[in-house]
Novice: 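Just dropping this structure here.
The first residue in the sequence is number 1, and the count goes up from there. Note that this is a predicted model, so its numbers are computed, not measured.
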Amino acid sequence: MKPLSEGVVPIVFVPGVMGSNLEHTEGKGRWLLNNSWTVKGWLFRDPVERRTILDPGNTQVYKDGSISGGLTRRWRGRDGSRIDNDDLMHARGWGEIAKMSYGDFLVWLENTLNAESAALPQLQQSLSRQMARLLQDSAGVSAGDAADAAGRAAQALARFHFPVHACGYNWLRSNKVSAEETLAQRVDEIISGYRQAGMRCQRAILVTHSMGGLVARYYSEVHRGRDNLWGIAHGVMPT
């Protein structure tokens, strides 16, 4: 594992509408997006059955959906014992969101942000090039100054650990409720969890897709959760 000398910056992914797995609180059915086969059953349900299962007042996030494989790192506990990748990612909430939509993306994000030591130079070079280009295009910085600043920034980022979490929410309910009762609680739990483990963790970064951006925006701007965030990266937020 990469040394945590500078601390932890959790990445919390918030999916779009219909991208969180749900279950009826009385066991009447689930909205589960592991793959196309788990969705096909809905084609044969009549409107009454669908409405019964997807009742906003009687549904909750289902936490045990499948997750994608392909993680390149292996984790060990304080006692040196190996931690199972699937168990760790389920603990981070990956089973709450649609594997068929986001599973491979979460694996890619985790692998990219937390590369093993041998892959760090290549990652730093890629980050340096992208940041230098951004500084030149958006801030009018000269090519030389942009390259120097980007290089220092890439080296600094390499000293942090960026564990990728996911936060499913009940997309049948109000975004206000999802922000106040789900996302706010999850961000607090993640940050406090790393602190209790003896790691330096000040704030998180949210990465959103579609309606998840509205949930994150309410949390940040109305619920005033911005004090817990370094920033938000939105993808196709509908506004």
Side-chain angles (χ1 to χ4, degrees), residues 8-23 30-35 38-39 54 56 59-68 71 86 88-114 160-195 201-239:
V8 178
V9 179
I11 308 298
V12 185
F13 178 69
V14 188
V17 63
M18 304 174 77
S20 301
N21 298 320
L22 302 180
E23 63 178 347
R30 292 175 181 153
W31 175 262
L32 182 61
L33 299 180
N34 286 339
N35 50 53
T38 61
V39 179
L54 297 179
T59 44
Q60 61 189 10
V61 174
Y62 177 68
K63 300 178 181 296
D64 294 323
S66 297
I67 62 175
S68 295
L71 291 169
D86 282 3
L88 179 59
M89 296 309 140
H90 270 103
R92 291 190 189 171
W94 287 26
E96 299 177 6
I97 67 174
K99 176 190 174 184
M100 64 180 293
S101 302
Y102 304 116
D104 291 344
F105 167 70
L106 291 181
V107 171
W108 172 83
L109 191 61
E110 175 71 32
N111 286 341
T112 302
L113 292 177
N114 302 285
F160 287 81
H161 182 46
F162 298 91
V164 177
H165 294 253
C167 180
Y169 60 91
N170 191 339
W171 40 269
L172 297 169
R173 305 185 71 188
S174 164
N175 289 331
K176 176 180 184 293
V177 173
S178 297
E180 293 181 338
E181 298 183 7
T182 304
L183 183 57
Q185 180 179 347
R186 182 64 57 82
V187 173
D188 286 345
E189 288 176 347
I190 290 171
I191 293 175
S192 63
Y194 285 112
R195 289 175 177 173
C201 182
Q202 296 179 328
R203 302 181 184 185
I205 294 174
L206 303 184
V207 177
T208 77
H209 176 240
S210 193
M211 194 173 84
L214 299 179
V215 176
R217 185 168 180 171
Y218 190 99
Y219 165 67
S220 172
E221 302 306 309
V222 182
H223 193 66
R224 302 193 67 80
R226 67 171 74 94
D227 292 340
N228 287 328
L229 302 176
W230 291 117
I232 306 175
H234 290 299
V236 296
M237 179 174 63
T239 182

Novice: Once side chain to side chain contact (heavy atoms under 4.5 Å, CB included) is applied, do any residues pair with Val107, and if so which ones, sequence neighbours excluded?
Specialist: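 For Val107 the side chain to side chain contact (heavy atoms under 4.5 Å, CB included) partners, ignoring immediate neighbours, are Ser68, Leu71, Trp94, Asn111.
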Novice: Name all residues meeting the salt bridge (charged side-chain N to carboxylate O under 4.0 Å, His left out) criterion together with Arg217; count only those two or more places apart in sequence or in a different chain, and write none if there are none.
Specialist: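 Salt bridge (charged side-chain N to carboxylate O under 4.0 Å, His left out) check on Arg217 returns nothing, list empty.
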Novice: Just to verify, what does Tyr62 make a ring-ring contact (aromatic ring centres under 6.0 Å, His included) with, not counting sequence neighbours?
Specialist: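 Per chain and number, Tyr62 pairs via ring-ring contact (aromatic ring centres under 6.0 Å, His included) with no residue.
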Novice: Who passes side-chain hydrogen bond (donor to acceptor under 3.5 Å, both in side chains) against Ser220, sequence neighbours left out?
Specialist: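 Counting only residues at least two positions away or on another chain, Ser220 forms no side-chain hydrogen bond (donor to acceptor under 3.5 Å, both in side chains).
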Novice: Not counting sequence neighbours, which residues clear side-chain hydrogen bond (donor to acceptor under 3.5 Å, both in side chains) with Asn35? List them please.
Specialist: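 Testing Asn35 for side-chain hydrogen bond (donor to acceptor under 3.5 Å, both in side chains), a comparison that skips the adjacent residues, returns none.
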Novice: Checking Ser192 now: which residues fulfil side chain to side chain contact (heavy atoms under 4.5 Å, CB included) with it, not counting sequence neighbours?
Specialist: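 Listed in chain order: Gln196.
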Novice: Does Tyr102 have any ring-ring contact (aromatic ring centres under 6.0 Å, His included) partners at least two apart in sequence or in another chain, and if so, which?
Specialist: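 Result, ring-ring contact (aromatic ring centres under 6.0 Å, His included) vs Tyr102: Phe13, His209.
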Novice: Shortest non-hydrogen contact from Ser210 to Gly16?
Specialist: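 Taking every non-hydrogen atom into account, CB-CA, 4.0 Å.
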Novice: For Glu96, which residues count as a salt bridge (charged side-chain N to carboxylate O under 4.0 Å, His left out) partner, sequence neighbours excluded?
Specialist: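 So Glu96 forms a salt bridge (charged side-chain N to carboxylate O under 4.0 Å, His left out) with Lys63, Arg186.
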Novice: With sequence neighbours left out, what residues match Ser178 under side-chain hydrogen bond (donor to acceptor under 3.5 Å, both in side chains)?
Specialist: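 Result, side-chain hydrogen bond (donor to acceptor under 3.5 Å, both in side chains) vs Ser178: none returned.
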Novice: Would you list the atom pairs, donor with acceptor, under 3.5 Å between side chains in residues 222-233 and any protein atom, with sequence neighbours excluded?
Specialist:
unit_1, atom_1, unit_2, atom_2, d
Arg226, NH2, Glu221, OE1, 3.0
Asn228, ND2, Asp188, OD1, 3.2
Asn228, ND2, Tyr219, OH, 3.3

Novice: Are any side-chain N or O atoms of Asn21 and backbone N or O atoms of Leu32, one a donor and one an acceptor, separated by less than 3.5 Å?
Specialist: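 No; judged by distance alone, with no hydrogens or angles, the pair does not exist.
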Novice: Sequence neighbours left out, what passes side chain to side chain contact (heavy atoms under 4.5 Å, CB included) with Glu181? Give chain and number order.
Specialist: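 Partners of Glu181 by the side chain to side chain contact (heavy atoms under 4.5 Å, CB included) criterion, ordered by chain and then number, come out as Arg173, Val177.
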Novice: Is the side chain of Tyr169 donor-acceptor paired with the backbone N or O of Asn175 at a distance under 3.5 Å, no angle test?
Specialist: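 No; judged by distance alone, with no hydrogens or angles, the pair does not exist.
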Novice: Test of understanding: with side chain to side chain contact (heavy atoms under 4.5 Å, CB included), list the residues that count as partners of Met18, not counting sequence neighbours.
Specialist: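 Listed in chain order: Trp31, Trp171.
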Novice: Can you confirm whether the side chains of Asn114 and His161 place a donor and an acceptor under 3.5 Å from each other?
Specialist: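 There is such a pair between these side chains.
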Novice: What heavy-atom pair brings Val9 and Pro163 nearest, and what distance separates the two atoms?
Specialist: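 Smallest interatomic distance, heavy atoms only, reads O-CD, 3.7 Å.
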